[in-house]
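Everything below concerns the one structure shown next.
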Amino acid sequence: MGMLTPPPRPLDQNELGVLRAQYEREGHMVGVQTKFNYAWGLVKSSTRTDQHLGVMLLSEIFRTSPERRRECLYYLALGNYKLGNYGEARKYNELLLEKEPGNLQAANLRSLIDDKVAKEGLMGVAIVSGVAVVAGIVGGVLLRNLGRKR
């Protein structure tokens with residue numbers, strides 16, 4: 001497998017500020033494109049709260065605007081990936097790859113998701129193994145101490 005490309009760079013605060021101002025200006029009558037643009041900027045952010053809000057806005061668009069679903073898929077996958085929701089990220093990314101098998105961004109994101117899941121899976125196994133070893137040592141010490149008291 002080739003080099004994986006990292007997720008897109010975050011917008012600077014001024015760029016995100018422009019999108020936020022437009023979103024707030026439109027208020028409760030916010031247009032789908034304005035909401036999408038703001039959500040896109042939030043998902044690309046390096047701030048977890050921004051990413052979370054971006055995923056929420058994209059989820060609303062995905063639910064309420066069927067004609068915009070395809071363009072939401074990649075950023076829903078990316079946002080969930082950045083938040084550590086790998087199952088959700090994989091679900092949205094696979095939907096996109098079903099529609100666009102040649103989408104290189106989605107193929108790259110699939111590799112990033114798979115790598116994270118593999119690493120965290122190994123980390124989980126290491127943690128469980130470590131806990132088992134510690135429990136075995138503690139159990140052995142307790143049994144030895146009980147044996148001495150008799």
Side-chain angles (χ1 to χ4, degrees), residues 1-140:
M1 178 174 5
M3 272 294 277
L4 297 180
T5 354
R9 77 161 183 84
L11 300 181
D12 68 38
Q13 286 308 307
N14 292 337
E15 293 169 316
L16 190 56
V18 168
L19 296 174
R20 180 178 291 117
Q22 179 67 35
Y23 176 80
E24 290 171 352
R25 225 182 354 266
E26 292 184 24
H28 68 282
M29 297 298 289
V30 66
V32 175
Q33 187 62 50
T34 299
K35 186 186 275 190
F36 178 84
N37 291 347
Y38 183 44
W40 167 83
L42 290 166
V43 163
K44 290 177 67 173
S45 171
S46 52
T47 307
R48 197 167 171 79
T49 52
D50 284 352
Q51 294 164 0
H52 187 39
L53 178 56
V55 167
M56 284 177 35
L57 293 173
L58 286 166
S59 295
E60 286 175 20
I61 296 169
F62 191 81
R63 267 195 322 278
T64 60
S65 304
E67 72 284 359
R68 303 299 292 264
R69 284 186 180 149
R70 195 212 55 75
E71 64 189 306
C72 288
L73 287 172
Y74 176 74
Y75 291 102
L76 278 165
L78 178 64
N80 278 292
Y81 167 79
K82 290 174 86 173
L83 289 168
N85 304 331
Y86 304 123
E88 286 293 295
R90 181 176 276 140
K91 178 181 84 174
Y92 288 118
N93 202 52
E94 291 305 317
L95 282 171
L96 179 56
L97 284 166
E98 282 174 23
K99 295 177 186 311
E100 299 178 14
N103 187 314
L104 294 178
Q105 270 188 311
N108 182 57
L109 185 56
R110 173 194 270 165
S111 297
L112 290 172
I113 293 166
D114 290 348
D115 285 358
K116 273 287 195 198
V117 168
K119 282 180 186 141
E120 293 204 358
L122 289 175
M123 188 74 85
V125 167
I127 290 169
V128 169
S129 300
V131 168
V133 167
V134 169
I137 292 169
V138 169

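These numbers come from the heavy atoms of this one structure, side chains and all, not from hydrogens, waters or symmetry mates.
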* Can you list the steps and then say if Asp50 with Lys44 is a salt bridge (Lys or Arg N to Asp or Glu O under 4.0 Å)? -> CA-CA 9 Å; Asp50 284 352; Lys44 290 177 67 173; over 6 Å; no
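The two atoms that bring Phe36 and Glu71 nearest to each other are CE1-O, 3.6 Å, heavy atoms only. Between Val55 and Leu76, the shortest heavy-atom distance links the atoms O-CD2, 3.7 Å. Between Gly54 and Ala39, the shortest heavy-atom contact is O-CB, 3.6 Å. The two residues Leu97 and Ala106 make their nearest non-hydrogen contact at CD2-CB, 3.6 Å. Nearest heavy-atom pair, Gln33 versus Arg68, reported as atom, atom and distance to 0.1 Å: OE1-NH2, 2.5 Å.
Side-chain contact between Leu104 and Asn108 is absent, with no heavy atoms from C-beta onward closer than 4.5 Å. Within the 4.5 Å cutoff, the side chain of Leu96 has no heavy atoms near those of the Tyr92 side chain. Side chains of Arg20 and Leu42 form a contact here, defined as non-hydrogen atoms less than 4.5 Å apart. Residues Gln22 and Asn37 form no side-chain contact, since every pair of their non-hydrogen atoms from C-beta on lies 4.5 Å or further apart. Looking at Arg90 and Val117, their side chains come closer than 4.5 Å, going by heavy atoms from C-beta outward. Between Leu11 and Ser45, the closest side-chain pair of non-hydrogen atoms is not below 4.5 Å. The shortest side-chain heavy-atom distance between Leu95 and Arg70 does not fall under the 4.5 Å cut-off. Trp40 is listed as a side-chain neighbour of Leu19, based on a closest heavy-atom distance under 4.5 Å.
Taking NZ of Lys91 as the start and CD1 of Ile113 as the end, the distance is 12.5 Å to the nearest 0.5 Å. Taking CG of Leu73 as the start and CG of Leu78 as the end, the distance is 12.5 Å to the nearest 0.5 Å. For the atom pair SG of Cys72 and CG of Leu58, the computed distance is 5.0 Å after rounding to the nearest 0.5 Å. Atom CD of Gln105 is separated from atom OH of Tyr74 by 4.0 Å, given to the nearest 0.5 angstrom. With rounding to the nearest 0.5 Å, the separation of NZ in Lys116 from OH in Tyr81 is 5.0 Å. A distance of 10.0 Å separates CG in Asn80 from NE2 in His52, rounded to the nearest 0.5 Å.
A donor atom on one side chain and an acceptor atom on the other are not found under 3.5 Å apart for Glu88 and Asn85.
For Tyr23, the ring pair (Phe, Tyr, Trp, His ring centres under 6.0 Å) test picks out Tyr38, with sequence neighbours left out. Residues meeting the salt bridge (Lys or Arg N to Asp or Glu O under 4.0 Å) test with Arg110, sequence neighbours left out: Glu94.
Judged as a salt bridge (Lys or Arg N to Asp or Glu O under 4.0 Å), the pairs with a partner in residues 22-36 (not counting sequence neighbours) are, in order, Lys35-Glu60.
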